[in-house]
Amino acid sequence: MRRLLACTLALATLAPFAAAQKSNGLALTPPMGWNSWNWFAGKVTQDDVKKAADLIVSSGMRDAGYVYVNIDDTWEGKRDASGVLQTNEKFPDMKGLADYVHSKGLKLGIYSSPGDQTCARFEGSLHHEQQDADLYAKWGIDYLKYDLCGFRKDMQTAAPGDDAAAKTVQDKMMRNAYETMHQALLKTGRPIVYSLCQYGFDSVWQWGPEVGANLWRTTGDVSANFPSIALIAETQVGLAKYAAPGHWNDPDMLEVGNGKLTLDENRTHMGMWAMLAAPLLAGNNLTQLTPEITAVLLNKEVIAIDQDALGKQADRVYKEGPVEIWSRPLADGGHALAVINFGEDFTFLRGIDLHLKEAGIRGNAPAHDIWSAKDLGSLQTGYKGGLKRHEMLLLRFGK
Ligand code: GAL
């Protein structure tokens, strides 16, 4: 009995150490950078990525923290006789590209799938995980987005249907597939941020850290329109407790500057992602950066909320009709509070209590309005003002 107890105690002391080994020590704040998919999709070329790297530097994005330049799907060619993956003609020199990106003080990210094919039907990593991870390390890759897509058919083949028994088998396969690449990446010895893309299946936020994920997608794909952004925001309720330094919920990449988003919508999108401690991966065409979009992407105070060292994602503390209030505590003892009008009409906030108490904010704490860059003083007696359709009031409170 005593031996059994000693053994259990020894295992219990080992457990936290084993868990700590899962972490690669990267992404202590949410990764920031740019990804090719939202603008270029399947058309992206090596030259586009080089140009993006140049513009990330010249626009000031790099110095604001946007350091990952991530190539999404459609760079892959075929495997040679020994199974080594080649790039396709759009990416003639991946090593040269990595060197170029690194020479600018940036990092290079890449994309693959645990299936035999990626989502865009290019070559995936199935049965070649270590070979691919070694190749990434050889090139100097710093970030991998690993997209379930092509592996879903293997899961269906192994356990057809969607009843509980089939789902159990499929979910196990999915976790194993992510763990296989995790181990392969670790074996390379190169620090590579590991980004899971499986749209939130099987509550990935509960097991992502176990398979070494630095971030995991919590939703399907974002689109460049406000309903898509609002829907994603809605589905993040309840996920705050799963985010922490090194392990982030990923509500998908930014669409700031894409589609026909208005200035208010771009600000609400950016501000909401910052509240969510989301990765900030711009997805716009950097050759067409306007001063307005630059100001949204480079707002230092918004970025500071996203990158706050405490790493606590916002929770929703209030919702009435289209108006919602989200709050997150910050490392300096202060808080960020976002009031969002997801509705179509102007809304007076006069009657709306800011719910400071529920948000954990001291009544007389001084408030700073981030988007209008104004100190508001204490809001103890309420907030007077209103929000246009899709507008966000973003406040930072002192201790
Ligand atoms: C989707 C993924 C997108 C993009 C695309 C590429 O599955 O969610 O973000 O990576 O595949 O084919």
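Atoms within each ligand, like the ligands themselves, are counted from 1 in listed order.
Looking at A41 against ligand 1, nothing comes within 4.0 Å, counting heavy atoms.
Paired with V211 under the rule side-chain contact (heavy atoms from CB on, under 4.5 Å), one option of L196, T180, V204 passes, and it is L196.
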Please lay out, stage by stage, how T45 and D48 fare under the test side-chain hydrogen bond (donor to acceptor under 3.5 Å, both in side chains). CA-CA 5 Å; T45 65; D48 294 328; 3.1 Å; yes
Disulfide bond (SG atoms under 2.5 Å apart) between C149 and C197: does it pass, once the steps are laid out? CA-CA 9 Å; C149 225; C197 175; over 6 Å; no
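Counting atoms of ligand 1 from 1 in the listed order, those under 4.0 Å from a heavy atom of Y199 are 7 (O), 8 (O). If you number the atoms of ligand 1 from 1 as listed, the ones under 4.0 Å from a heavy atom of D73 come out as 6 (C), 12 (O).
What sits closest to atom 4 (C) of ligand 1 on the protein, heavy atoms only, is D72 OD1, 3.4 Å.
In terms of polar-atom proximity, defined here as any N/O pair under 3.5 Å, W37 makes no such contact with ligand 1. Close N/O approach between D221 and ligand 1 is found [any backbone or side-chain N/O within under 3.5 Å].
In the candidate list L148, N35, D147, D147 is nearest to atom 1 (C) of ligand 1, counting heavy atoms.
Between Y136 and W75, the ring-plane angle classifies as perpendicular under the 30° and 60° cut-offs.
Aromatic ring centroids of F226 and H390 lie under 6.0 Å apart.
In this structure, K50 satisfies the cation-pi test against Y100, with its NZ or CZ atom closer than 6.0 Å to the six-membered ring centre and inside 45 degrees of the ring normal.
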